[in-house]
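Only one structure is covered here, and it is reproduced in the block below.
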Amino acid sequence: MAHLARAKAELPPRIPPAPAPDQPPTPDPTSRLSDALFGKVFRLVASNGSGVDNPDLSPSDEAALQDKIERALREPLPFKDIGFSMPEGVVPNEAGKYWGSSASSLFPFAHALVCKRWLRVARSAHPAILVPESRFFSASALAALLSSPPSSRFSNLRHLHLGESALDAADSRFVRVLSTACGASLTHLTLHLASRRPSVPPVSPGDLGMLFCCCRQLVSLDLSWRAEPGWKFPPSIRCLHQLTALRLNLLDVTGLPEAFGSLSRLKRLQIVSGSLQALPSSFSLLSSLESLSLADCPMKHLPDAFGQLQNLKSIRIWFVSELEELPGSICELSSLSELSLEYCRDLARLPANIHQLGSLCKVLLEKLDALVALPDSLGLLPALQDLHVYDCQLLMLLPDTLSHSQTLRRLTIRMCRSLGALPDAVGQISTLQYLYLEYLGDLTSLPSSFGYSSPLQELTTHYCHGLLELPQSVCAMESLTSLVLDGAAVTALPEAFGQLSSLARLELFCEGLPALPGSFGRLKRLRELKLIACHELATLSASFSCLSSLETLVVYGGPSLTGLPPGFERLPQLSRLELYNCAMDHLPQELGQLISLRVLKIGDKGSYESVDADGQVVSPGNIGYVYRGHDGRCTLRDLPASIVCLTRLEKLSLRRCDELRRLPEGMGNLASLRVLKVQYCPQLRCFPSLLSAPPNCSSATHHPLPAGASAAAAAAAAATWSASGAPPCSSPLPLLQKLILQECPQLECLPAGLYLLPKLDCLIVRECKEIKLPYQSSVIPPSSLSPPPPPPPLLCLGPSQL
């Protein structure tokens with residue numbers, strides 16, 4: 001309590017007013033107090049809102065400190081913004097706004113005014129006090145602050161945000177105090193009046209109406225309110241003439257007043273209510289409305305005059321499960337550009353004349369359980385660009401009129417179990433660029449109408465396990481740049497596959513695919529290739545080395561793939577190579593000739609089962625694929641010695657290589673290596689010395705220096721290398737920043753020359769039970785070399801090394 005006593009003694013009795021512009025600034029009375037000291041005091045006070053149950057403060061000390069704080073609060077500072085539980089993006093992140101520690105009761109204000117940093121903020125060019133979300137904030141304490149003299153304290157308040165979890169036990173008195181204290185100046189208000197405590201009565205409509213009458217300058221209002229049976233929403237909402245954004249979360253409110261139509265400037269409206277049964281007839285008078293969102297409302301119909309909202313651009317109706325149909329007048333909305341209908345389970349059809357929506361460019365239909373067919377006029381929408389249909393279980397057909405669309409660019413069909421085939425009209429859409437088909441279990445083939453005229457750029461099928469083949473016409477898609485076959489039952493690719501002259505990304509997850517077509521090497525623009533769980537794939541195409549643009553190759557789960565194809569080293573652009581769960585016991589010596597390789601990952605990435613349409617297990621990694629059958633063991637026994645010639649390699653990862661016993665000598669030659677990870681390699685016994693010269697990569701007079709060599713041997717080797725012009729051993733792995741050795745129980749020592757690594761800042765050694773620390777086994781640098789740098793700042797050793 002000594003620090004609390006000192007802080008209490010130094011607390012100023014009051015905060016002096018801000019100096020006039022023509023006077024020199026008054027010295028800050030809190031400048032002699034450290035922020036750390038105030039932080040300790042504040043944490044003690046704020047740990048309990050009322051202060052009566054805090055074991056660290058006696059009642060007398062608490063009372064004395066609170067008295068000093070309250071006296072400091074009496075000074076009228078130019079408050080502009082006060083926020084509790086501010087939603088992200090509601091309050092702009094401007095200069096002068098400050099986020100502080102969360103707390104409760106009156107003490108966030110106290111800390112804000114007394115703490116040195118916050119005092120400067122309160123008097124800056126953009127004065128602001130922002131208090132983030134706390135679990136419970138006492139409404140009575142805030143009401144006492146708002147009503148405390150002088151009355152002009154909050155006369156300039158513009159933004160007040162009392163979020164859902166920030167305010168507790170707000171009653172009618174709190175709303176009345178808020179209305180009179182700062183209602184006249186508020187422009188942005190977030191207020192949640194749905195109390196967490198059943199014992200607290202809800203705010204009455206009269207008090208809420210008083211708030212509307214006082215807050216006539218409001219531009220944005222986010223209101224949550226719980227009503228009692230028989231209560232009605234106050235009609236005084238008509239007073240909010242300046243309101244442009246309104247969000248209502250209404251509990252037990254069955255209707256809105258006709259005065260709602262008086263909000264002539266309202267542009268954005270969101271209503272969430274579990275009891276609202278209908279919108280008022282004056283709803284059509286919201287002539288400025290541009291965005292409408294209705295959620296969780298038990299209404300069956302929308303107003304017939306809906307079409308009068310001529311400025312409406314976006315409609316989102318979600319979880320309105322009892323809505324049976326949309327009004328016909330909705331087709332009169334000439335400005336409507338986005339229509340989203342989600343989880344409207346009783347909605348059985350869309351308006352037949354939907355093509356009259358001349359500005360509609362995006363349609364999203366999700367979980368419409370009663371929807372059997374889409375209207376034929378859907379394909380006649382003159383501006384439609386994006387069409388997304390998700391989880392409509394009864395949907396059996398897509399309209400043939402889609403072939404008439406002159407604007408449709410993106411089509412997504414997902415989890416529509418009754419959709420057995422795509423019509424030829426899909427392949428005839430002259431503007432379609434992106435086609436995504438996901439979880440269509442009954443889909444057996446793609447339309448044969450894809451041809452030379454198709455502008456399709458991306459074709460993705462995800463978990464369409466009934467898809468048996470690709471049509472030959474797919475090979476005629478000259479614009480296709482990305483093809484993904486994920487979870488398909490395709491057993492062969494077309495022989496003319498190499499004609500896809502623009503293909504840059506190919507991802508195949510086909511368990512029954514035995515081989516790649518002979519024309520595969522003609523994919524001159526292919527940059528990324530992923531072969532996932534192709535269990536039957538025994539070899540890659542003989543023309544594989546002709547992929548001159550290939551930059552990324554990932555092979556994941558190939559139990560039949562025992563090696564890389566001949567000429568593999570002639571891939572000049574290959575910069576990333578990942579081999580997981582493959583049955584390769586060795587890699588070709590020519591690996592070191594991949595002059596552009598920057599990332600090399602080998603081993604077992606672990607289980608990667610994915611979720612399917614029935615909600616099965618999701619992959620823990622970043623590749624969402626189903627993989628079953630192969631045990632996933634990596635049988636690689638050693639790495640080729642030429643790997644140390646990869647002078648551009650930046651990241652090397654070896655994970656779960658159960659048979660790997662050693663690493664090649666000369667690892668110090670990897671001049672660009674930044675990250676080295678060796679994890680879960682139970683047979684690895686020793687790490688090569690970093691002071692050894694690599695064979696075949698430097699002068700023939702260089703000989704490897706074995707791990708554990710003496711200092712004299714190291715000095716002799718250094719002299720030999722220096723005489724021959726090789727890099728000195730004082731700078732092996734000059735760019736290595738992170739070295740991780742994990743779960744290698746047979747590893748006996750860390751690499752010699754570890755402390756010669758100039759950039760190493762992270763060394764992690766975990767569960768390597770037999771390892772000896774560097775100072776016990778490393779070679780001492782020769783005296784002629786520069787002294788070793790200090791140990792890396794992050795050294796994490798497992799329990800066996802402590």
Between Ser482 and Arg505, a side-chain donor and acceptor under 3.5 Å: yes
Minimum heavy-atom distance between Arg570 and Ser545, given as atom pair plus value: NH2-OG, 3.4 Å
Side-chain heavy atoms of Leu636 within contact of Leu587, under 4.5 Å: yes
CD on Glu469 to CG on Leu493, rounded to 0.5 Å: 11.5 Å
Heavy-atom closest contact (Thr431 atom, Gln406 atom, distance): CG2-O, 3.0 Å
Smallest separation among heavy atoms of Gln385 and Leu408, with atom names: O-CD1, 3.4 Å
Flag for Tyr436-Glu458: side-chain donor and acceptor within less than 3.5 Å: yes
Heavy-atom side-chain proximity of Glu438 to Tyr463 below 4.5 angstrom: no
Row check, Tyr439 ring normal vs Arg414 NZ/CZ: under 6.0 Å, within 45°: no
From Trp318 atom CH2 to Tyr343 atom OH, the distance as rounded to the nearest 0.5 Å: 11.0 Å
Residues Gln742 and Gln679: side-chain donor-acceptor under 3.5 angstrom: yes
Any donor-acceptor N or O pair under 3.5 Å, side chains Ser430, Gln428: no
